Amino acid sequence: MENIINKKTMTVALCAVFACCSANAKPQEQSAPNVLMIAIDDLNDWIGCMGGHPQAKTPNMDRLAARGVLFNNAHCQSPVCNPSRASMMTSLYPSTSGIYFLNPDLDQSQVAKKNTLLPKRFQDEGYYVTGAGKLFHGNQNKKYLPNYAGGFGGFGPFPQKKISSFPGHKLWDWGVFPQQDDLMPDYKIAAWGAEQLAKQYAPSTTSTSSGQTSSGEPKPLFLATGFYTPHVPQYAPQKWFDLYPLETLQLPKVVANDLKDISEYGVNITRLNHVAPTMEWVEANDEWKPLVQSYLACISFTDHQVGKLLDALDNSPYKDNTYIVLYTDHGFHQGEKERFAKRSLWEDGTRTPMIIAGPGIVKGKVCSKPAQLLDIYPTLLELAGLKADPKLDGNSLVPLLKNPQADWPHMARTSFGPGNYAIVSERYRYIHYNDGSEEFYDRGKDPHEWNNVITNPEYSAVIKKHRAEIPQQRHEILGQNSTGHRSFAASEAVSRSEAIPADKKGKKK
């Protein structure tokens, strides 16, 4: 009898041990992680945690940076919307795909067509993929983003007539408009994104009536939100302008004659046939402060929308198992290098905020290693435990997400047409133009890139290393007749001493 009791006691004890072990093991089991991508259009480093403008108010992007790794030396692969986004979604350089400017569509590149786009890859891996706003350029969103919810108004709404006196393109406008936040497309995109995160599981076209897969497990979520502001038109309601009174507003730091040590080609490629207001027009019409104020107001408005997504995530079933990637498609000048807008190979044109946070990623760290937008694709594959794709040009940033000071042999590369490249390392920027002219900046000593030291023999060895990163194989230019195409053609014509008709120069004095 005693033996029977002992056996029963042992059996109960063993069952308890196994139950305990099973209970302990369960939390360690990791289901596929979710992904929240937050894209912002034309945002430079004017966010609080990057210090690009001393008065920028971005509490939500700052708190996201505190949750993960801020890459403060990340760069786009082209300082233009379409090629930058095409490069990120394919993880191919423009010199690989041939997509250098605002067109063509991705399907016009025979090379790009061979790569599975980032959202499609996650859909193929069993994710429910959805998105809204601007992730690709133009109508490519609906074409390439599964379960696309729409643009919610895009760059609108527009006032009956332009607010500013600038006579150029309709999009080039700035000022207080509309009256309230909920009329802005980005407000609607953030609300839509929050709704997706509030759901208990991702819906699926192949799911059961309960919304789950046949195995009983919900699909992991890949949610992408693309905000349009602060892209022009730089409109925002009055309350966001009130954050930046003109009387106390600080302009960017600039230096007189900043273009004196830059080649004619380098000046032309950033000016000929561009549609943005010139420095001459801005100063003559006293519009520099209004432009800066509008840009900052738009940034703070967009930051508020980012906050809504973060709040929704923190109150959702995805809270503890989601990787967040916030990025912008390129930088933006606000008077630096005597110009406005994008389309340059300098710091203000190529540098983009990039923040990655989630399970296993160190928190509140800053990484100064050169990162690239096309690194996001391979990084997400590794974070999600998916097989790497050897066709991708980018490199996984996971080693830097674990240790931001880890050895990193890679440099960042940006192009604006074949032959025009910026090569960025942790400390230096090298620029090569298609006519053979060059620039070199020691950002450790010259963070504003005011002094081109390409002829200084002190840097000859390090310049040589950066020159070696220039690609020897360059895909021909695809597409035609966009601003970038025309600017490149005009700069090439001048370098060959060909005359440029006055009506093709595109200058607004």
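The model shown is predicted, which means the values in this text are computed figures rather than measured ones.
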**Request:** Please report the C-alpha distance between F440 and Y459 in whole Å, then the side-chain angles of each, then the deciding distance to 0.1 Å, and finally whether the ring pair (Phe, Tyr, Trp, His ring centres under 6.0 Å) criterion is met.
**Result:** CA-CA 9 Å; F440 193 77; Y459 297 101; 5.8 Å; yes
Nearest heavy atoms of [X] and [Y], plus distance in Å:
X	Y	value
L171	H169	N-ND1, 2.9 Å
T270	W346	CG2-CZ3, 3.7 Å
R443	E426	NH2-O, 3.4 Å

Residues [X], [Y]: salt bridge by 4.0 Å N-O rule:
X	Y	value
D348	K337	no
K464	E438	no
R427	D442	yes
R63	D303	no

**Asked** Between H333 and N44, is a side chain to side chain contact (heavy atoms under 4.5 Å, CB included) present by the stated rule, with each step listed?
**Response** CA-CA 8 Å; H333 289 253; N44 60 17; over 6 Å; no
[X] and [Y]: side-chain donor and acceptor closer than 3.5 Å?
X	Y	result
H274	S487	yes
H466	S425	yes
N321	S31	yes

**Request:** Find out whether P220 and P33 are in side-chain contact, i.e. whether some heavy atom of one side chain is under 4.5 Å from a heavy atom of the other.
**Result:** no
**Asked** Does a side-chain heavy-atom distance below 4.5 Å link Y430 with E439?
**Response** no
Answer yes or no: is there a donor N or O on one side and an acceptor on the other, between the side chain of [X] and the main chain of [Y], under 3.5 Å?
X	Y	answer
N420	N434	yes
R351	N72	yes
R339	E336	no

**Asked** What side-chain hydrogen bond (donor to acceptor under 3.5 Å, both in side chains) pairs are there with at least one residue in residues 397-408, not counting sequence neighbours?
**Response** none
**Prompt:** So among Q372, R429, R413, H330, which one has a side-chain hydrogen bond (donor to acceptor under 3.5 Å, both in side chains) with T350?
**Reply:** R429
**Prompt:** Stepwise, does the side-chain hydrogen bond (donor to acceptor under 3.5 Å, both in side chains) test hold for E492 with Y265?
**Reply:** CA-CA 8 Å; E492 290 290 298; Y265 192 104; 2.4 Å; yes
